[in-house]
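All remarks here apply to the structure that follows.
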Amino acid sequence: MISPVALSLKSVSSEKLLLKNRPIKTGIVHIGLGNFHRAHLAVYTAIAMDKFGGNWGICAYSMRNEKLVSAMRAQDNLYSVVEIGPDTDSAVVPAIHTRTLVGAEDLPELISEIANPDSKIVSLTVTESGYYISQGAKGLDFSHPDIINDLSGNTPKTIYGILMKALAKRIELHAEPITILSCDNVASNGSQCRQLFLEFLAKADGSTSLMDFVSTHVSFPNSMVDRIVPGTESEHLEMSLQRLGASDLIPVPAEKFTMWALEDNFVAGRPHWEEGGAIFTTEVEKFEVMKLRLLNGAHSLLAYLGALSGHQTIPQSRFDPLIERALRKVLFEEYLPSLEMPSGLSADTYIEQLFSRWSNTALGDKTSRVGSDGSSKLPQRITIPALESYARGEEPRILALTVAAWLMCISEYGGFQPGPYAQEMKDAARVKICEIANTSTNLATFISRFFNESGIFSDELSGTQAFVELTSKYAEIISKNGITDAIRASLEN
Ligand code: CS2
């Protein structure tokens, strides 16, 4: 058998390239080179540059994924996005990356790239946990070892330490303005990032001029990003090979749907992202809240209820009739009353579209992917809707069930076996939660200590005794009778 030719500038046919003329200069420095960035910002930017030109090549940095970066480099920094619909798939190659960097070794290069006057935007996909938000303190988590490390002036481990060094160098060299663009699922992602960064700088030595610069010469647009992008599996390598005729070792699977709504607040200019369908709007917050609760919040429910019911994928979970009843209830009765839809978007249409996106069996998104990092995702998704339910005189049963199911997925309370898909879920708070579980004499004590001691949820929610008790009630049913009975109980009148 002849081995297929590797993906490179020579082997990829030009009709697969989203961008025909590869950029020479870098205009965007991206932190967080993962699948989401490669299927979202990179695609929008390639489409914009293909039509309008400009110097918007992307230099992308990964904190630790050496394997991905060496594969990118071996493929001329090219990769394919395999767009998977329910019935058809296709592959495109964004061809937008000028350089890729990785790890502590490349930090000086990253800092120089951000300081370079040609760089106009620093974009971020560092996941919810990369912002180090303390729900209890409602600000930066100063007790986190990574933040302590960065404030001590050691080699930075967080975006704040990196940005502090890079912007200091930028000021020293020329002090040109720059935009920091968060592309993560964090409420008011731009404004929060600005606030957290300023808090960080306020504690760092000698950073007064930096704080002035950040306040006056750096913009932080809010944005809502959306595209379901699972992890890469061997089947995606095969799909990409079929579609490209060249072998890509690092393809990104993605649904065909994509959405991006953002504030037009770029102090140093930006690409014509509207060419790829980006929506520039003054209603970003409505888009964010709609997406964070209806899509992401309901997604978490599908992940935890699904994993405990033995479902490996999101479509399997979505097609489970009992889970679907809980899903509709949480969407229409617990999430929807907590938000206002952006102008021109109907809730019914948006929700039906979500159901069809979650039904994409060919995409096969995993419950373990969506269920990972619940400790940094759930507070943003469920806190306000739960508190508002009580304020309306209602009981947020399915929101409490979501939290109970998550805790039973990751806490190993009393030797409970949550099944293989729950065991695959990663969570930075797993150890802490297991410790609380292991030192609690009964389940109700565990749940109550979890809310009081972990600092994961805000004081308002943790202090809402009715919510703590409801979560405890469902956790108890899950542990004794299983998830099916718990879902039934949450649906009873
Ligand atoms: C998911 C998101 O991981 C999660 O919790 O809800 O990654 C989701 O797939 C994206 O936000 C879709 O845009």
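Starting from 1, each residue takes its place in the sequence as its number. All ligand and atom numbering here is 1-based and tracks the order in the structure.
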Please tabulate, one line per pair, the protein N or O atoms found under 3.5 Å from any N or O atom of ligand 1, giving the distance to one decimal.
| residue | atom | partner | partner atom | Å |
| --- | --- | --- | --- | --- |
| ligand 1 | 3 (O) | Arg369 | NH1 | 3.4 |
| ligand 1 | 3 (O) | Lys377 | NZ | 2.8 |
| ligand 1 | 5 (O) | Lys377 | NZ | 3.0 |
| ligand 1 | 5 (O) | Arg381 | NH1 | 3.0 |
| ligand 1 | 5 (O) | Arg381 | NH2 | 3.0 |
| ligand 1 | 6 (O) | Asn296 | ND2 | 2.9 |
| ligand 1 | 6 (O) | His299 | ND1 | 2.7 |
| ligand 1 | 7 (O) | Arg369 | NH1 | 3.0 |
| ligand 1 | 9 (O) | Arg369 | NH2 | 2.9 |
| ligand 1 | 11 (O) | Asn185 | ND2 | 2.9 |
| ligand 1 | 11 (O) | Lys291 | NZ | 2.6 |
| ligand 1 | 11 (O) | Asn296 | ND2 | 3.0 |
| ligand 1 | 13 (O) | Asp226 | OD1 | 2.6 |
| ligand 1 | 13 (O) | Arg227 | N | 2.9 |
| ligand 1 | 13 (O) | Arg227 | O | 3.3 |
| ligand 1 | 13 (O) | Lys291 | NZ | 3.2 |

message: Using side chain to side chain contact (heavy atoms under 4.5 Å, CB included), reason through Arg38 and Tyr79 one step at a time and then give a plain yes or no.
response: CA-CA 9 Å; Arg38 296 194 297 146; Tyr79 62 90; 3.3 Å; yes

statement: Contacts of Thr179 meeting side chain to side chain contact (heavy atoms under 4.5 Å, CB included) (sequence neighbours excluded), chain-then-number -> Ile121, Ser219, Pro221, Phe266, Val267

message: Can you list everything that forms a side chain to side chain contact (heavy atoms under 4.5 Å, CB included) with Gln423? Sequence neighbours excluded, please.
response: Gln417, Pro418

message: Quick one about His37 and Thr125 (side-chain donor to acceptor, distance below 3.5 Å, no hydrogens or angles considered), yes or no?
response: no

message: Given the ring of Tyr335, does Arg293 sit roughly above its face, with NZ or CZ under 6.0 Å from the centre of the six-membered ring and within 45° of the axis?
response: no

query: Can you name the residues that form a side-chain hydrogen bond (donor to acceptor under 3.5 Å, both in side chains) with Arg318, not counting sequence neighbours?
result: Glu324, Ser359

